[in-house]
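Some notes on the structure that comes next.
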Amino acid sequence: MTTRIEFKAPWAAVTPEEQERFEAELAREVCLLHHLASLDREVVARRTDTNDILVAINPHLCECAQVRLTWSGKTEMNPEVPKMELEATFQDWIQNRMLPDHEAHRIGPNE
C-alpha cells in the first residue's frame, strides 16, 4: 500500500508488533463517522516523540494521513478525534511534515 520512505528522526518505520498495536488502538478510537472508519488503512510509521502515526489509506483521493492517537483505549464519540491531517501523496507528507519535523528535531528546542 505504501511507497518506500527513508524516515528521518523523529519519524521511524513501525515494526510488525508496533504496527499491530497502533492499528488496534486506531480501530478502537475511530467511531463510525470518522473519515478513516470505512477506509482500508495500514500504519506505516510513528513519531517517536508524540502520539502521531502515519497511516497509508486506500481507496481514497489521498494516499496517507497523519493521525494523533489519544490512547484512550475506547471509541471516541467525536468524529474529529483522533485528529488527522490528510496528504494527497506520501511525497507531499515528506515535504510538508517529515522534513520540517526532522529539522525542528535536529535543531532542538533550545536553539
Test salt bridge (charged side-chain N to carboxylate O under 4.0 Å, His left out) applied to [X] - qualifying residues, sequence neighbours left out:
{"X": "Asp92", "value": "none"}
{"X": "Arg97", "value": "Glu85"}
{"X": "Glu18", "value": "Arg46"}
{"X": "Glu87", "value": "none"}

Distance in Å, [X] [atom1] paired with [Y] [atom2], rounded so as to fall on 0.5 Å steps:
{"X": "Lys8", "Y": "Asp101", "atom1": "NZ", "atom2": "CG", "answer": "13.0 Å"}
{"X": "Leu33", "Y": "Ser38", "atom1": "CG", "atom2": "OG", "answer": "10.5 Å"}
{"X": "Trp11", "Y": "His102", "atom1": "CH2", "atom2": "NE2", "answer": "14.0 Å"}
{"X": "Cys62", "Y": "Leu39", "atom1": "SG", "atom2": "CG", "answer": "10.0 Å"}
{"X": "Glu42", "Y": "Leu26", "atom1": "CD", "atom2": "CG", "answer": "12.0 Å"}
{"X": "Met98", "Y": "Arg47", "atom1": "CE", "atom2": "CZ", "answer": "12.0 Å"}

For [X] against [Y], the heavy-atom pair lying closest together:
{"X": "Thr70", "Y": "Glu76", "answer": "OG1-OE2, 2.8 Å"}
{"X": "Phe7", "Y": "Leu54", "answer": "CE2-CD2, 4.0 Å"}
{"X": "Met77", "Y": "Cys31", "answer": "O-SG, 4.2 Å"}
{"X": "Met84", "Y": "Ala65", "answer": "SD-CB, 4.3 Å"}
{"X": "Val30", "Y": "Leu36", "answer": "CG1-C, 4.3 Å"}
{"X": "Arg41", "Y": "Glu23", "answer": "O-OE2, 4.2 Å"}

Expected output: side-chain [X] to main-chain [Y] donor-acceptor under 3.5 Å:
{"X": "Thr75", "Y": "Glu29", "value": "no"}
{"X": "Glu25", "Y": "Gly73", "value": "yes"}
{"X": "Glu63", "Y": "Phe90", "value": "yes"}

Q: Applying side-chain hydrogen bond (donor to acceptor under 3.5 Å, both in side chains), name anything that partners Glu6, two or more places apart in sequence or on another chain.
A: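 With neighbours one apart ignored, the set is empty.
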Q: With the side chain counted from C-beta on, respond yes when Pro82 and His34 share a heavy-atom pair under 4.5 Å apart, and no when they do not.
A: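 A side-chain contact under 4.5 Å exists here.
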Q) Hey, any chance Val81 and Leu69 share a hydrophobic cluster, counting ILVMFWY side chains that come within less than 4.5 Å of each other, even indirectly? A) no
Q: Say whether Val44 and Leu99 are linked into one hydrophobic cluster, either directly or through other cluster members, by side-chain heavy-atom distances under 4.5 angstrom.
A: yes
Q: Go through Val67 and Val43 one step at a time and tell me if the side chain to side chain contact (heavy atoms under 4.5 Å, CB included) criterion holds.
A: CA-CA 10 Å; Val67 179; Val43 176; over 6 Å; no
Q) What pairs with Phe22 under ring-ring contact (aromatic ring centres under 6.0 Å, His included), at least two apart in sequence or on another chain? A) Trp71
Q: Determine, stepwise, if the pair Glu17 / Glu20 fulfils side chain to side chain contact (heavy atoms under 4.5 Å, CB included).
A: CA-CA 5 Å; Glu17 295 79 19; Glu20 187 176 315; 5.8 Å; no
